[in-house]
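First the structure, in the form of structure tokens, and then the observations on it.
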Amino acid sequence: MCGRFTLASDTETMSQIFLDFAMPMNFSPRYNISPTQDVAVIANTSTDTEIHPEMGQIEFFHWGLIPSWAKDPKIGNRMINARSETLAEKPSFRSAYKRRRCLILADGYYEWKQVPGDKRKQPVYIRFQSQKPFALAGLWEIWQVEGMDKPLRSCTIITCPPNALLEKVHHRMPVILPQNAYAEWLAPDERSADSLQPLLVPYSDEEMEAYPVSTFVNRPTNDSPECIAPFEVTQALD
């Protein structure tokens, strides 16, 4: 799964990677982004609604997808991730999979690895060796009920099986899209699962690295560079 991530790259670096998209003015570094918080998103336009973000604009959506038909927005707390293998089948995701896809911007994420012979879990930070930002494949939705001044836009991160590096850490990883797949994923027209599914594969482990960090990151309110600082582990994690 992907339950916490970072986006701490400076605006100049972000602009180099996402050069086709307009950066927001209120961008600030985040080292411990948690579910239900707002996350930086680039969303495609939708063919079935007039309420949508502008194509190419980086905006902020609620992390935890709330389907349009939901009666209670708390359902989004359970929908921070969506399995790539079942997107076309699950009622909560299949409509968004066809029409409302997005990029969720990050430059690293956390996973918790079980410590052999111990109940505790060791937090691990995962990123590109280059430390450059990247885009996670996501879905987005619009939710609004009577009495709301404006609709709530929410999103979920798609996960897939891990690559060779990360299978030692967890049995899932977020789908990281290569830059040459952005346009296909953000296509505004309705797409079939057959055309999209080949994009939802593990990212190559050759460009990635993973290292232990302190349990300082366990507390969602801790949001500083200390979260990603390497931590010396006295017990082997293998």
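The structure displayed is predicted, hence computed values, not measured ones. What's counted below: heavy atoms across the whole structure, side chains too, no hydrogens, waters or symmetry copies.
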Self-check item: Heavy-atom check, side chain of Glu111 versus side chain of Leu166, under 4.5 Å
Solution: no

Quiz item: Same hydrophobic cluster for Val213 and Val124, using side-chain heavy-atom links shorter than 4.5 Å among ILVMFWY?
Solution: no

Exercise. Compare every heavy atom of Trp69 with every heavy atom of Pro91, then report the nearest pair and how far apart it is.
Key: O-NE1, 4.0 Å

Quiz prompt | Interatomic distance, Ile66 atom CD1 to Asn77 atom CG [nearest 0.5 angstrom] | solution = 8.0 Å

Quiz item: Partners of Ser68 by side chain to side chain contact (heavy atoms under 4.5 Å, CB included), sequence neighbours excluded?
Solution: Glu141

Quiz item: Quick check: does any side chain N or O of Thr156 sit under 3.5 Å from a backbone N or O of Ile80, one acting as donor and the other as acceptor?
Solution: yes

Quiz item: Do Met173 and Cys2 come within less than 4.5 Å of each other through their side chains, counting heavy atoms only?
Solution: no

Exercise. For residues 85-118, pull every pair meeting ring pair (Phe, Tyr, Trp, His ring centres under 6.0 Å), keeping only residues two or more places apart or in separate chains.
Key: Tyr110-Tyr125

Exercise. May I ask you to say whether Arg120 pairs ionically with Asp118, meaning some side-chain N is under 4.0 Å from a carboxylate O?
Key: yes

Practice problem: List the steps and the verdict of side-chain contact (heavy atoms from CB on, under 4.5 Å) for Glu59 and Arg153. | Solution: CA-CA 10 Å; Glu59 302 191 83; Arg153 294 179 297 188; 3.3 Å; yes

Practice problem: Establish, from distance only, whether the side-chain atoms of Ser95 and Arg100 form a donor-acceptor pair under 3.5 Å. | Solution: yes

Self-check item: side chain to side chain donor-acceptor pair (under 3.5 Å) against Tyr182, all qualifying residues, sequence neighbours excluded
Solution: none

Quiz item: Distance from Leu65 atom CG to Ser154 atom OG, nearest 0.5 Å?
Solution: 4.0 Å

Quiz item: When you measure from the side chain of Asn44 to the backbone N and O of Arg99, does any donor-acceptor pair fall under 3.5 Å?
Solution: yes

Practice problem: Show the numbers, then the answer: is there a side-chain contact (heavy atoms from CB on, under 4.5 Å) between Leu87 and Leu200? | Solution: CA-CA 11 Å; Leu87 294 176; Leu200 306 180; 3.7 Å; yes

Quiz item: Are Leu199 and Leu177 close enough that some pair of their side-chain heavy atoms sits under 4.5 Å apart?
Solution: yes

Quiz item: By side chain to side chain donor-acceptor pair (under 3.5 Å), which residues pair with Glu89, not counting sequence neighbours?
Solution: none

Self-check item: Heavy-atom donor-acceptor pair, Gln197 side chain to Ser84 backbone, under 3.5 Å
Solution: yes

Self-check item: Separation of Arg30 CZ from Ser224 OG (nearest 0.5 Å)
Solution: 11.5 Å

Quiz item: Counting N and O atoms only, with roles assigned by atom type, does the side chain of Arg219 sit under 3.5 Å from a partner on the main chain of Phe216, one being a donor and the other an acceptor?
Solution: no

Self-check item: Test side chain to side chain donor-acceptor pair (under 3.5 Å) applied to Asn163 - qualifying residues, sequence neighbours left out
Solution: none

Quiz item: Counting N and O atoms only, with roles assigned by atom type, does the side chain of Gln131 sit under 3.5 Å from a partner on the main chain of Ser9, one being a donor and the other an acceptor?
Solution: no

Quiz item: Can you check whether Leu103's main-chain N or O pairs, donor with acceptor, with Trp185's side chain at less than 3.5 Å?
Solution: no

Quiz item: Would you say the side-chain atoms of Asp223 pair up with the backbone N or O of Asn32, donor to acceptor, closer than 3.5 Å?
Solution: yes

Quiz item: Looking only at heavy atoms, what is the nearest atom pair of Cys160 and Pro174, with distance?
Solution: SG-O, 4.4 Å

Quiz item: Given side chains that start at C-beta, do those of Lys98 and Glu190 come closer than 4.5 Å, heavy atoms only?
Solution: yes

Self-check item: Separation between CD1 of Ile104 and CZ of Phe61, rounded to the nearest 0.5 Å
Solution: 9.5 Å

Self-check item: Residue pairs involving residues 169-178 (criterion side chain to side chain donor-acceptor pair (under 3.5 Å); sequence neighbours excluded)
Solution: Glu85-Arg172, Thr159-Arg172

Quiz item: Quick one: does Val41's side chain get under 4.5 Å of Trp140's, heavy atoms only?
Solution: no

Quiz item: Mind checking what makes side chain to side chain contact (heavy atoms under 4.5 Å, CB included) contact with Val145, not counting sequence neighbours?
Solution: Trp143, Met148

Quiz item: Side chain of Ser204, backbone of Glu206: donor and acceptor closer than 3.5 Å?
Solution: yes

Quiz item: Can you list the residues that meet the side chain to side chain donor-acceptor pair (under 3.5 Å) rule with Thr13, with sequence neighbours excluded?
Solution: Asp10

Quiz item: When rounded to the nearest 0.5 angstrom, what is the spacing between CG in Leu105 and CE in Met14?
Solution: 4.5 Å

Quiz item: Is any side-chain heavy atom of Phe128 closer than 4.5 Å to a side-chain heavy atom of Ile176?
Solution: yes

Practice problem: Taking salt bridge (Lys or Arg N to Asp or Glu O under 4.0 Å) as the test, write out the residues that go with Glu209, two or more places apart. | Solution: Arg127

Quiz item: Taking only residues two or more places apart in sequence, or in another chain, which ones meet Arg191 in a salt bridge (Lys or Arg N to Asp or Glu O under 4.0 Å)?
Solution: Glu184, Asp189

Quiz item: Which atom pair, heavy atoms only, marks the closest approach of Ala106 to Phe5?
Solution: CB-CD1, 3.6 Å

Quiz item: What closest approach, in Å, do Leu186 and Cys102 show between heavy atoms, and which atom pair accounts for it?
Solution: CD2-CA, 3.9 Å

Practice problem: Could you walk me through whether Val201 and Val175 pass side-chain contact (heavy atoms from CB on, under 4.5 Å), step by step? | Solution: CA-CA 6 Å; Val201 295; Val175 173; over 6 Å; no

Exercise. Take Tyr31 and Ile228 through the side-chain contact (heavy atoms from CB on, under 4.5 Å) test and state the conclusion after the steps.
Key: CA-CA 7 Å; Tyr31 294 91; Ile228 65 171; 4.0 Å; yes

Quiz item: Are any non-hydrogen side-chain atoms of Pro123 and Thr215 less than 4.5 angstrom apart?
Solution: yes

Quiz item: Taking the side chain from Asp38 and the backbone from Phe60, do they hold a donor-acceptor pair closer than 3.5 Å?
Solution: no

Practice problem: Give a yes or no on whether the backbone of Val217 and the side-chain of Arg4 come within a donor-acceptor separation of less than 3.5 Å. | Solution: yes

Quiz item: Closest heavy-atom contact between Pro133 and Asp107?
Solution: CA-CB, 3.7 Å

Quiz item: Any side-chain heavy-atom pair from Val115 and Lys121 closer than 4.5 angstrom?
Solution: no

Exercise. With sequence neighbours excluded, tell me which residues meet salt bridge (Lys or Arg N to Asp or Glu O under 4.0 Å) with Glu226.
Key: none

Quiz item: Can you name the residues that form a salt bridge (Lys or Arg N to Asp or Glu O under 4.0 Å) with Glu167, not counting sequence neighbours?
Solution: none

Exercise. Hey, could you give me the CG/CD1 distance between Asp205 and Ile126, rounded to the nearest 0.5 Å?
Key: 12.0 Å

